[in-house]
Amino acid sequence: MTPAATEFITPLTFQALSGHPVHSHLLDSGEEQAMGHISLARWADVLVIAPATANTIAKMSHGWADDLVSALYLAAECPVFIAPAMNQAMWRKSATQTNIKQCQQQGVMLIGPEQGSQACGEIGFGRMSEPETICERLLELEPLPCLQGKKIMITAGPTREPLDPVRYISNRSSGKMGYALARAATDAGAQVLLVSGPTALTPPENSELIAVETAAQMYDAVMARTAMCDVFIGAAAVADYRPAQNVPQKIKKQDALISISLEKTRDILAEVAQLQSARPFTVGFAAETHALETYAQDKLRRKNLDMIAANWVGREQGGFESESNALTVFWHNGCVQLAMTDKAHLARQLISLIAEKLNEKNTV
Ligand code: PMT
């Protein structure tokens, strides 16, 4: 409990009702070495902060650790959920929304809040999800397989294909899906190589980041490292075409129509999957605006992949930039739908599926 929580309900009431000890002090003299937050962080399989106030969320997003709850969050290496609860105006305030986004980028998973009448008498978003809903979300949490000793290379984000020294062709990928996969894979104990185009994201601790800009740089970075990898996941939105000429000086404005010739880039995913020796288990993505399943299954076969994760793009929810996504995953004799959820949660489900299929392949 935070000091503010103990103003509402005493720790003794909580203890009596739950039948469990209540911790509320950052430095606990009852604990060996008086560092209760470290031993609690090590003990927990999952950390759930409910209700999460605007103040606690702000502290989490900025790395403050001046009470037990915020210190516990900073020390925790397990999955973290928050169930926000606050006045509707506080929830809508841009500072809170920025803090929420920052927490999500740190891997925190959001439960709620819901819309409805609030303790302050107002109506709007900010009501904490019902405890039953919170429990249901936790039960859905995919327990991660053990990928200790496995090396996984993941591509993420967009590529930038230069037109001249100041302009480039790119796409809407934020890198969120690829970075969520990197986090889930490191959480499962794998050694992760993250080959990333330009994003605003922080790679998970324990992963190795190889920053690239163009499709050609991503190709070189990936192909130089495939031999050391057990799994390759192509989550990046790699440009299919690049300007045929990269003009050394800024293209000047002119009245006449101008055209740009484009040439094909090399298909990284297809080349990894075609490797004759030391070929990693190869997982592609398919981003489609129409005929999702047909195109995905075609890519699975044509590129010789072990698995493909298909997602809709260009829609209001899911795909590029969004915090959430849904996937239809195909392999040669099967398929599974992973329902719309936050990318962190989805990534854990996909990593579990990859581990299962990798295991099946290695035991055949
Ligand atoms: O980054 P976010 O904002 O979180 O968005 C996530 C995402 C939509 C980018 C992600 O989920 C996704 O779908 N990534 C693949 C995007 C893509 O380029 O799809 P595609 O259908 O055009 O390509 C098929 C596959 O070939 C992909 O695995 C791609 O990485 C790979 N490819 C494509 C071209 C190329 N030259 N080399 C490749 O390796």
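Atoms within each ligand, like the ligands themselves, are counted from 1 in listed order. Bear in mind the structure is a predicted one, so any value in this text is a computation, not a measurement.
Of all atoms in ligand 1, numbered sequentially from 1 with element shown, those under 4.0 Å from a heavy atom of G319 are 5 (O), 8 (C). Near D240, the atoms of ligand 1 lying under 4.0 angstrom from a non-hydrogen atom of the residue are 33 (C), 34 (C). Close approach to A286 involves these atoms of ligand 1, each under 4.0 Å from a residue heavy atom: 21 (O). Listed by number with element, the atoms of ligand 1 under 4.0 angstrom from any heavy atom of R266 are 35 (C), 36 (N), 37 (N).
Listed here is the closest heavy atom pair of R242 and A216: NH1-CB, 3.9 Å.
Counting only heavy atoms of the protein, atom 29 (C) of ligand 1 lies nearest to A236 O, 3.5 Å. The protein non-hydrogen atom at the shortest distance from atom 23 (O) of ligand 1 is F285 O, 3.9 Å. Ranking protein heavy atoms by distance to atom 13 (O) of ligand 1, first place goes to N311 ND2, 3.0 Å. Protein heavy atom at the shortest distance from atom 2 (P) of ligand 1 is S174 OG, 3.3 Å. Given atom 9 (C) of ligand 1, the protein heavy atom at minimum distance is F320 CE2, 3.5 Å. Among all protein heavy atoms, the one lying closest to atom 20 (P) of ligand 1 is K299 NZ, 3.7 Å. The closest protein non-hydrogen atom to atom 37 (N) of ligand 1 is I268 N, 3.1 Å. For atom 18 (O) of ligand 1, the closest non-hydrogen atom on the protein side is A237 CA, 3.4 Å.
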K357 vs D306, test: salt bridge (charged side-chain N to carboxylate O under 4.0 Å, His left out). Steps then yes/no.
CA-CA 9 Å; K357 297 296 161 200; D306 294 294; over 6 Å; no

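Between F14 and H20, the ring center distance fails the sub-6.0 Å criterion.
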